[in-house]
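Right, one structure below, let's go through it.
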Amino acid sequence: MLIDFFYTLRSAKLPVSVKEYLVLLEAMQADVVGPRNPEACSMDDFYFLARTALVKDEKHYDKFDRAFAAYFKGVEMIADFTKPIPADWLRREMERILSEEQKANAPKMDWDELMETLRKRLEEQKERHEGGSKWIGTGGTSPFGNSGQNPQGVRIGGKGGNKSGVKVWEQRAYRDYDDTQELGTRNIKVALRRLRKFAREGNDLELDLPDTIRSTAANAGYLDIKMIPERHNNVKVLLLMDVGGTMDEHIQRVEELFSAVKSEFKHLEFYYFHNCVYDFMWKNNRRRYAEKFPTWDIIRKYNKDYKLIFVGDATMSPYEILQPGGSVEYNNEEAGAEWLQRLTHAFPRYAWINPEPQGVWQYRQSISVIQQLMGQRMYPLTLKGLEDTMRLLSK
């Protein structure tokens, strides 16, 4: 009954074998999950069982999640009109029926006032609240909660939608970008090849075709193969990538870029950050709280001959860039702008690649701030943008 699911995974480029598929079927027959196991009979239970049986490397989790969602979309959403209307649906409807006047009159506060007011609300509020403009809750125009309309609030729970939160009260999990993502076109690689500095190094050999032809001709036609050390691109790249939040909309293109960069540059170092760079970064999103790399150590570790490339949509609250404590996830002691300036000072050849459409840049205050900090060295994630980036870095 799961054969179509198996082929869906294969079509999503997941390395799933028949043996692993049979293991999943054996687990189902043994009632590891299912209606005859009341403690494990939900779709979530099946998801974790299928992922355990079919996926052998965590770098493929993101592909599996997307394939799983595409195949089983709607399975748990069959209508049951004997049940009450879902609260989430009501909240979404409330969000839609807010008038433009209500949205325009949403409470607006500066950073210090916002944090102080949140502290007071936490002390005063004793029950759940929906709608309104004051309490922590859902819907409405309050600066605290989720699923409402406020130009600069603190999102507490729920999912983001309006890209206006200046703080997020939750611990979020991000996924690493997949560096095996197959490119739909070779054009990204071609654009990256503008940044090349080849050198003969190592013991690996490759065929020297011109010398082989000359030597064979001089040897009366007897084949005389000539080999030379293989050439490698000697350019060093330090790649810093924004992950999570609004970057989820750009996962596919960033993965294509990441895959191309890994194949084109032998000397590549990469790290992740969220929204803006602060005092630490990480290499593995599943262990980002346990394996932190201090930004100062990264600055000291790599020489200034590394080309520094930021990849991010630069879409956030300006507080996250300019204000100590402005990070949506923790209270950073120094503003993100300080760290950006330290990085660009340490690595003089730098640029920022932005996957957001260039037409919306002028409407995002945070993008303008990042552009100024980057000395206008921000380019769109397009072929021309990549060519311009490589041309700048090669100077």
Side-chain angles (χ1 to χ4, degrees), residues 13 59 62-63 66 160 163 174-196 233 235-265 268-277 281 283 285 306-316 320-321 336 340 343-344 347 349-395:
K13 310 296 183 183
K59 71 182 180 182
D62 190 41
K63 285 183 181 178
R66 282 182 275 173
K163 301 180 180 179
Y174 308 136
R175 294 188 180 91
D176 294 349
Y177 289 129
D178 185 355
D179 58 8
T180 64
Q181 172 73 27
E182 289 190 11
L183 303 178
T185 175
R186 293 180 64 252
N187 290 341
I188 294 180
K189 288 187 176 183
V190 172
L192 293 176
R193 286 172 189 168
R194 291 182 177 273
L195 183 60
R196 291 185 293 184
N233 192 344
V235 169
K236 300 175 182 178
V237 174
L238 177 58
L239 183 67
L240 307 183
M241 296 178 287
D242 183 6
V243 65
T246 55
M247 283 297 291
D248 287 348
E249 302 171 13
H250 310 293
I251 285 177
Q252 182 176 353
R253 287 198 299 155
V254 175
E255 285 186 339
E256 290 178 351
L257 175 64
F258 187 29
S259 179
V261 169
K262 288 202 75 172
S263 68
E264 288 298 316
F265 301 109
L268 170 69
E269 299 291 341
F270 69 90
Y271 295 88
Y272 293 106
F273 65 92
H274 177 59
N275 283 1
C276 190
V277 175
M281 289 179 269
K283 276 185 168 288
N285 282 297
Y306 271 82
K307 318 287 187 180
L308 176 62
I309 302 176
F310 297 89
V311 179
D313 60 5
T315 298
M316 66 197 94
E320 296 181 59
I321 309 168
L340 290 174
L343 283 161
T344 55
F347 305 100
R349 292 181 175 83
Y350 61 87
W352 186 295
I353 298 174
N354 193 332
E356 277 285 287
Q358 196 168 7
V360 306
W361 290 7
Q362 60 182 315
Y363 303 109
R364 304 270 170 83
Q365 185 179 354
S366 59
I367 294 181
S368 297
V369 173
I370 294 291
Q371 281 183 300
Q372 292 177 19
L373 291 169
M374 292 289 108
Q376 305 302 320
R377 300 184 186 184
M378 181 180 286
Y379 300 92
L381 183 47
T382 61
L383 293 177
K384 183 180 185 305
L386 289 175
E387 290 176 352
D388 291 342
T389 304
M390 298 304 108
R391 189 176 294 110
L392 171 70
L393 295 176
S394 64
K395 293 180 179 178

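Numbers here are sequence positions counted from 1.
Between Val311 and Leu239, some side-chain heavy-atom pair lies under the 4.5 Å cut-off. Annotation: side chain of Leu393 is in contact with side chain of Ile309 (closest heavy-atom distance under 4.5 Å). Side-chain contact between Met247 and Pro355 is present, with at least one heavy-atom pair separated by less than 4.5 Å.
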Could you pull out every donor-acceptor pair under 3.5 Å between side chains of residues 365-374 and any protein atom, sequence neighbours left out?
from: Ser366; atom 1: OG; to: Ala314; atom 2: O; distance (Å): 2.6
from: Ser366; atom 1: OG; to: Met316; atom 2: N; distance (Å): 3.1
from: Ser366; atom 1: OG; to: Met316; atom 2: O; distance (Å): 3.2

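Expressed to the nearest 0.5 Å, how far CD of Glu256 lies from CD1 of Ile251 amounts to 12.5 Å. Between atom CE of residue Met241 and atom OH of residue Tyr272 there is a gap of 4.5 Å, rounded to the nearest 0.5 Å. Distance check, rounded to the nearest 0.5 Å: CG of Leu340 to OH of Tyr350 gives 10.0 Å. Taking CZ from Arg364 and CG from Asp313, the interatomic distance works out to 7.5 Å, rounded to the nearest 0.5 Å. Rounded to the nearest 0.5 angstrom, Leu238 CG and Glu269 CD are separated by 7.5 Å. Here CG of Asn275 is found 8.5 Å from CD1 of Ile321. Values are rounded to the nearest 0.5 Å.
A salt bridge does not link Lys13 with Glu255: none of the charged nitrogens is closer than 4.0 Å to a carboxylate oxygen.
Lys395 meets the salt bridge (Lys or Arg N to Asp or Glu O under 4.0 Å) test with no other residue; sequence neighbours excluded. Judged as a side-chain hydrogen bond (donor to acceptor under 3.5 Å, both in side chains), and not counting sequence neighbours, Asn354 has no contacts. Not a single salt bridge (Lys or Arg N to Asp or Glu O under 4.0 Å) links Lys307 to another residue, sequence neighbours left out.
Closest heavy-atom contact between Gly336 and Cys276: CA-SG, 3.7 Å.
Sorted by first then second residue, the side chain to side chain donor-acceptor pair (under 3.5 Å) pairs that include residues 380-389, not counting sequence neighbours, are Lys384-Asp388, Asp388-Arg391. The stretch residues 352-381 participates, sequence neighbours left out, in these ring-ring contact (aromatic ring centres under 6.0 Å, His included) pairs: Phe310-Trp352.
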Quiz item: Where do Leu240 and Leu343 land on the side chain to side chain contact (heavy atoms under 4.5 Å, CB included) test, with the steps shown first?
Solution: CA-CA 11 Å; Leu240 307 183; Leu343 283 161; 4.0 Å; yes
Quiz prompt | Step-by-step side chain to side chain contact (heavy atoms under 4.5 Å, CB included) determination, Arg377 to Leu392 | solution = CA-CA 9 Å; Arg377 300 184 186 184; Leu392 171 70; 3.8 Å; yes
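For the pair Arg349 (side chain) and Ser394 (backbone), a donor-acceptor distance under 3.5 Å is absent.
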